[in-house]
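Notes for the one structure printed next.
Each chain gets a letter, A, B and so on, in the order the sequences are listed, and its residues count up from 1.
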Amino acid sequence: MQNRIRAVRWQEMVTPLAAVILALAIGAGFILFVGENPLTAYKILFVESFGNLRNLATTLQRATPLMFTGLAVAFGYRAGLFNIGAEGQLYIGAFAAAWVGFTLTGAPRFIHLPLAIIAGMLGGALWGSIPGYLKAKLGVHEVINTIMLNFIALYLTDWLATGPFHGGSWVPETARIKPAAALTRLYPPTRLTTGVFLALLAAFVVYLVLWKTRQGYELRAVGLNPDAAEYGGINVARNTVLAMAISGALAGLAGTEQILGLHNRFIVRFSSDLGFMGIAVALLGKNHPFGVILAAVLFGALQTGSAAMDRLTSVPRELITIIQALIIFFVAAEYLIRRILRMKEGA
Amino acid sequence: MGDILALLFNTAVFAAALRMATPLIFAALGGIFSERSGVVNIALEGMMLIGSFTAMFVSHHTGMPWMGVLGAVLAGLIVGLLHAVFCIRYRANQVVVGTAINIFAGGLTVFLLRYYFGAAGTSPSVATVSDITIPIISQIPWIGRIIGRQNPLVYLAILAVVAAHIVIYKTSWGLRLRAVGEHPRAADTVGVNVYRMRYLAVALSGALAGLGGTYLSIAHLSRFSEGMTAGRGFIALAAVIFGKWTPFGALGACLFFGYADALQMRLQDVGVPTQFMNMLPYVLTMVALAGFIGKSVGPKAAGEPYIKG
């Protein structure tokens, strides 16, 4: 029995690892294409992301928002929802956090910071619950609505930060948040903040909620088979809205962390696809909170190392974007590999 | 008030609307073919982007813009096949694969741009497909100023809509296409090769989206710049839904979205924020899906891999 559990766990790890290795192998082809040595380039990538404490801190800092967006997508997935709206929820959450950050004055940190974080969560939750509600009440699939809401959030926050809440400079951004709303830096001069603890805490809470509470059981039941869940007395509509709201709150936290920890103000279009990368992180992490953390660290490392690789070799840093996309392809095609394996076992 | 009316019916705005709609029309037609066959295609954005890049690249090297158009169609076709292989053969989640293609296209185009043309975010200027004047039509008052002198790709887009309508509704291939997207099992039973239909439709989808991308880099502008599709693939997707998965419906939606796009700069002067005009296609699509203006319902089997039993 013990062995079998271990075997299953191992099998769970095989495909993500294979996906990463395959993607790196094809990435090596791209490196050869531009006339560089893949081993040299990958060595720089690795050393610059894990080589010393400072690089490791930068890797964790880059990984932090991806942990949140990865958790957001994974949480939705567990409840049978494909949330590709993390990008939009992130923007609304970020703006809400920034708004509390620069509006409230004179509050001590132990009040101001938590309020800004809660605002960011609520902003994301609100934006996430819209497609949840539309699915629950009107049966509209969440995929298209979350795509549409990504763009609506992008333009809405663009307008807010350049119109009514414009910071006054020529740059499209709001005023700076008050120091009392900022997350604390852990290892200057790196920009790693206490936000990383918040992300780890969020992963742990997601784990507890999904696997150790009745509510989590309901959400997963809906995710596995909504009809059976309904028949078993679970309110599918209510759970759908709730799952999207929680997923949105997690994405909102990603935006919150970026504002309170990194930018200290809302900057129009600040997110470089953090929400979409969350999809890759969730898939690679097998939609499990602890897997998500590992996958986010890997992606954070790739991003950290790519800057140095770009500087020291002629390999453009966009190689990393290509590798991340390839990882998604291979993880998605994983179902084929698993089916073949299972067929062999059956025979 | 009179000023606003004059603005709304300004021929220059209509002509600009038609130009803005052109890349959307091609991509939306691509979306229709794919979704009608039962394969969700949210990768239109990435396919367009790769089309834009390829068109610029081929035009840059050959000096012949029409070779660029051809190159973009082929590149789009290849990306379409990539989408098809993963969705149909490997039965991967179609939305996941679409997302991967979008990310891949964003990375690949900038990777190649920087490798071939250095650090700048734009390519050098290349030869473009130039505008043509239609002899008699250009003489007609008002209308002539809108459609009399346009880019050949604009006319091609309109022709493509008519062609797509005929193919989908008046040919047996179109009937099979719709059957495969609505009820693949039944289509299979009467001898339709579901997989082959889907491969063809998704490849065609990529080719059309690539053609849409062409317009941006070698007709509307004369260069490729980083992320130049700027969400147009998703507006095209919105047009597919808003137009209820029909070529003429999508054409109407694209023209309307193009009109809103053409109007936004001018409306800004009257005090309407551009961001609100930018939001319009997305908001309207959500409203349409929710059923407030005649419910949009897509092909039944869209999104589900078909497993031959």
Side-chain angles (χ1 to χ4, degrees), chain A residues 30 33-35 82 84 88 130-131 134 137-141 143-160 162-163 268 272-273 276-277 279-280 282-283 310 314-337 339, chain B residues 40 42 45-46 82 85-87 89-115 119 226 231 234-235 237-238 240-241 273-292 295-296 298 302-303 305:
Chain A
F30 280 93
F33 173 77
V34 302
F82 197 8
I84 49 176
I130 298 171
L134 289 171
K137 291 291 164 192
L138 300 168
V140 188
H141 201 280
V143 163
I144 300 294
N145 276 335
T146 49
I147 293 177
M148 299 298 135
L149 283 164
N150 281 339
F151 285 96
I152 297 170
L154 185 75
Y155 290 118
L156 183 65
T157 54
D158 184 330
W159 174 69
L160 287 169
T162 55
V268 170
S272 41
D273 284 354
F276 293 106
M277 285 303 167
I279 300 169
L283 283 169
D310 194 286
S314 61
V315 183
R317 76 180 68 191
E318 284 72 23
L319 174 73
I320 296 318
T321 314
I322 295 175
I323 289 177
Q324 286 168 342
L326 290 170
I327 291 175
I328 310 182
F329 276 120
F330 292 124
V331 177
E334 170 221 0
Y335 301 102
L336 171 86
I337 299 162
R339 215 182 57 240
Chain B
V40 168
I42 67 160
E45 176 84 1
L82 184 73
V85 168
F86 274 91
C87 293
R89 185 176 165 82
Y90 296 152
R91 290 174 204 166
N93 184 307
Q94 298 167 4
V95 177
V96 171
V97 177
T99 304
I101 287 180
N102 288 332
I103 294 173
F104 182 74
L108 181 69
T109 51
V110 182
F111 181 90
L112 294 174
L113 185 70
R114 292 189 55 203
Y115 173 62
E226 200 176 325
F234 291 106
I235 299 185
L237 186 67
V240 172
I241 298 162
T274 54
Q275 293 93 344
F276 286 12
M277 297 300 283
N278 285 326
M279 271 183 223
L280 199 63
Y282 308 111
V283 174
L284 287 175
T285 301
M286 288 184 67
V287 171
L289 276 173
F292 295 126
K295 197 167 171 68
S296 290

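Distance CD/A:Glu318 to CZ/B:Phe111: 8.5 Å, rounded to 0.5 Å. Residue B:Arg91 holds its CZ atom at 10.0 Å from CZ of B:Arg89, rounded to the nearest 0.5 Å. Here the OG1-CD distance, from B:Thr99 to B:Gln94, works out to 11.5 Å after rounding to the nearest 0.5 Å.
For B:Ile235, no part lies near chain A; criterion is any non-hydrogen pair under 4.5 Å. Contacts of A:Ile279 with chain B are made by side-chain atoms alone, with heavy-atom separations under 4.5 Å and no backbone atom involved. Neither the backbone nor the side chain of B:Leu280 comes within less than 4.5 Å of any heavy atom in chain A. Within the 4.5 angstrom heavy-atom criterion, only side-chain atoms of A:Phe82, from C-beta onward, approach chain B. Heavy-atom distances place no part of A:Ser314 under 4.5 Å from chain B, backbone and side chain included. With a threshold of 4.5 angstrom between heavy atoms, B:Phe86 approaches chain A through side-chain atoms but not through N, CA, C or O.
Taking the six-membered ring where the residue is Trp, A:Phe30 and B:Phe104 present perpendicular rings, their angle passing 60° and hence far from 30°.
The candidate with the highest count of non-hydrogen atom pairs below 4.5 Å against chain A, out of B:Thr285, B:Val95, B:Leu112, is B:Val95. Ranked by heavy-atom pairs under 4.5 Å with chain A, the first of B:Gly231, B:Gly107, B:Pro273 is B:Gly107. Among A:Val143, A:Val315, A:Ile147, the residue with the largest count of heavy-atom pairs under 4.5 Å with chain B is A:Ile147.
A:Gln324 pairs by the side-chain contact (heavy atoms from CB on, under 4.5 Å) definition with A:Met277, A:Phe299, A:Leu302, A:Gln303, A:Ile320, not counting sequence neighbours.
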May I have the list of side-chain donor-acceptor pairs in residues 149-158 of chain A shorter than 3.5 Å, sequence neighbours left out?
unit_1, atom_1, unit_2, atom_2, d
A:Asn150, OD1, A:Gly88, N, 2.8
A:Asn150, ND2, A:Ile84, O, 2.9
A:Thr157, OG1, A:Ala153, O, 2.8
A:Thr157, OG1, A:Leu154, O, 3.2
A:Asp158, OD1, B:Gln275, NE2, 2.8

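Checked against the 6.0 Å centroid threshold, B:Tyr115 and A:Phe33 count as a close aromatic pair.
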